[in-house]
2 protein chains.
Amino acid sequence: MKITEYNETKIQVALDCIIFGFDQEQLKLLLIKRDFEPEKGKWSLMGGFLKAKESLDEAAVRVLHSLTGLSHVYMEQLSAFGGVNRDPVERTVSIAYYALINIQEHNHELSNDFGAKWFDVEDLPHLIFDHMDMVQEAISRLRYKASVKPVGFELLPEKFTMRQLQKLYEAIHGRKIDKRNFVKKINSMDLLIKQNEKDKNSSKKGSFLYKFDKTKYNRKSENGFTFGI
Amino acid sequence: MKITEYNETKIQVALDCIIFGFDQEQLKLLLIKRDFEPEKGKWSLMGGFLKAKESLDEAAVRVLHSLTGLSHVYMEQLSAFGGVNRDPVERTVSIAYYALINIQEHNHELSNDFGAKWFDVEDLPHLIFDHMDMVQEAISRLRYKASVKPVGFELLPEKFTMRQLQKLYEAIHGRKIDKRNFVKKINSMDLLIKQNEKDKNSSKKGSFLYKFDKTKYNRKSENGFTFGI
DNA sequence: CCAAAAGTGTTTATGATACACCCATGA
DNA sequence: TCATGGGTGTATCATAAACACTTTTGG
């Protein structure tokens, strides 16, 4: 069979967002209690439908904003999910996106009008449709991405301690890391700016705060440097 | 804005296949001369539209088969492309897939009724729409995938020489590899079965043929082994 | 003064890279 | 016999991993 003309089958296209956060100990996902049928009252990813005049990326940003109030966050497409019966009501192809949120600095935007709640990724409730598959794929993508690009910083406050950074990577990869080796590795990349302040929340001694130097990272990237943790 | 009900905007969903082959020297892409408007007569990826009762994966297999005659080949989803004006005729979201073809063993299936032609990836013609973006993404995905999973073997005949395997990886990664180091690395994974035959096409001495041992790979994978080149 | 987390170097092991010669064969 | 590609090992270098003690300070 040859395709010789445009065909008339149109399908509903949805977007679903896997929203990651980090609470200084664990990787978290932001889920919402679905308030329409089917599966009303069940936990779900943030989702919505694609409109005729917006790109997928624009739609993902809109959906995220409309359901959480969040904007200006890191988002990236994961992939498309298109099983025939994934949505029992109507054939729907869903494009999954994942977002990385700095919980501390965005929590005020995140009004709880929406019934959204953070869950530990290790302890998720039952999710509707194929959302758990999306989550699995998102975690595996995040693991890869965070090890080759500095996206992890999106999950931290602007200023963070070495210990927070290490705990973040431990949470993402699901294993302990030796702190001396970790600090050595981070320092060898020379991408952090040490602040003259300490965070005293986690110890009496206090630990130095750092910022990620994005400008330096971009400059180094152009010269063949590749991030790696 | 809260989403409270299913919405009526439906959109045409397409599939496009980036088909990789390897001719013992270069990575190739199979392209087709588009025989319908718009852009009739221009080179294009293999594409088609999603039907109501097939999954994305099924549709990709069908599209590939209908345009090339190929079946039972390695295929994997890349991602969705959804710019508003990517198709000038009608709003279309396209899900890109890439396929890995063993040219030698599939060339007989690949009837040339379809006007398909192999192009060197380093020397592609102008492609319609955003197909070049899809190709770029596919190459970069293939580089990653081939370095962490044994998908490269999909591009080779069942029996192949070390030299062919090396040239394949050189083509995928776009750089020369030292043959002693390459052989050492391959042998250290212990995944190939040396045949008692030689391929005499490329030299008078002839070079030994090998098969990839998929069973052994699966067994080792279950025990924590990870492929890596 | 002591509990709790911060900070810091060295040694060892492993894997990556660089490098050159002999072999087999058909023409 | 010689031109062509096939096959092989060792030494060096770089990165990763293992590992333990001292410092600071608020309570």
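Order of the sequence lines sets the chain letters (A, B, ...), proteins ahead of strands, with each chain counted from 1. Computed over heavy atoms, backbone and side chain alike; hydrogens, waters and symmetry mates excluded.
- Per the geometry, NZ belonging to A:K179 stands 6 Å off P belonging to C:dA6, to the nearest Å.
- Between the side chain of B:Q164 and the backbone N or O of B:T161 there is at least one donor-acceptor pair closer than 3.5 Å.
- With ring centers used as reference points, B:F153 lies under 6.0 Å from B:F160.
- The CD-P distance, from B:E25 to D:dG5, rounds to 10 Å in whole Å.
- Side-chain nitrogen and oxygen atoms of B:S202 include at least one within less than 4.0 Å of the OP1 or OP2 phosphate oxygen of D:dG6.
- In this structure, B:K200 reaches the C:dG26 phosphate: one of its side-chain N or O atoms is under 4.0 Å from OP1 or OP2.
- Going from atom CD of A:Q166 over to atom P of C:dA5 covers 14 Å, rounded to whole Å.
- When the C1' atom of D:dC19 is taken as reference, atom NZ of A:K184 falls 10 Å away, rounded to whole Å.
- The distance between atom CD1 of A:I186 and atom P of C:dG7, rounded to the nearest whole Å, is 14 Å.
- Among A:K179, A:R143, A:K176, the single residue meeting the salt bridge (Lys or Arg N to Asp or Glu O under 4.0 Å) criterion with A:E170 is A:K176.
- With hydrogens and angles disregarded, no donor-acceptor distance shorter than 3.5 Å links the side chain of B:E137 to the backbone of B:M134.
- A donor-acceptor contact under 3.5 Å is not formed by the side chain of B:K205 with the base of C:dA24.
- The CD-P distance, from B:E197 to D:dG6, rounds to 17 Å in whole Å.
- Taking atom CG of residue A:D199 and atom P of nucleotide C:dA5, one finds them 13 Å apart after rounding to whole Å.
- Positionally, the nearest nucleotide of DNA chain C for A:G206 lies more toward the 5' end than for the other of A:G206 and B:K204.
- Between A:K185 and the phosphate of D:dA16, there is a side-chain N or O to OP1/OP2 separation shorter than 4.0 Å.
- To the nearest 0.5 angstrom, A:E76 atom CD is 9.5 Å from A:Y97 atom OH.
- Close to D:dT8, at under 4.0 Å from its OP1 or OP2, lies no side-chain N or O of B:R180.
- Distance from the side chain of B:N181 is smallest for C:dC19 among the nucleotides C:dC19, D:dG7, D:dT24.
- Rounded to an integer number of Å, the gap from A:L165 CG to C:dG7 P is 13 Å.
- Mapping A:D178 and A:K198 onto DNA chain D by nearest heavy atom places A:D178 at the nucleotide closer to the 5' end.
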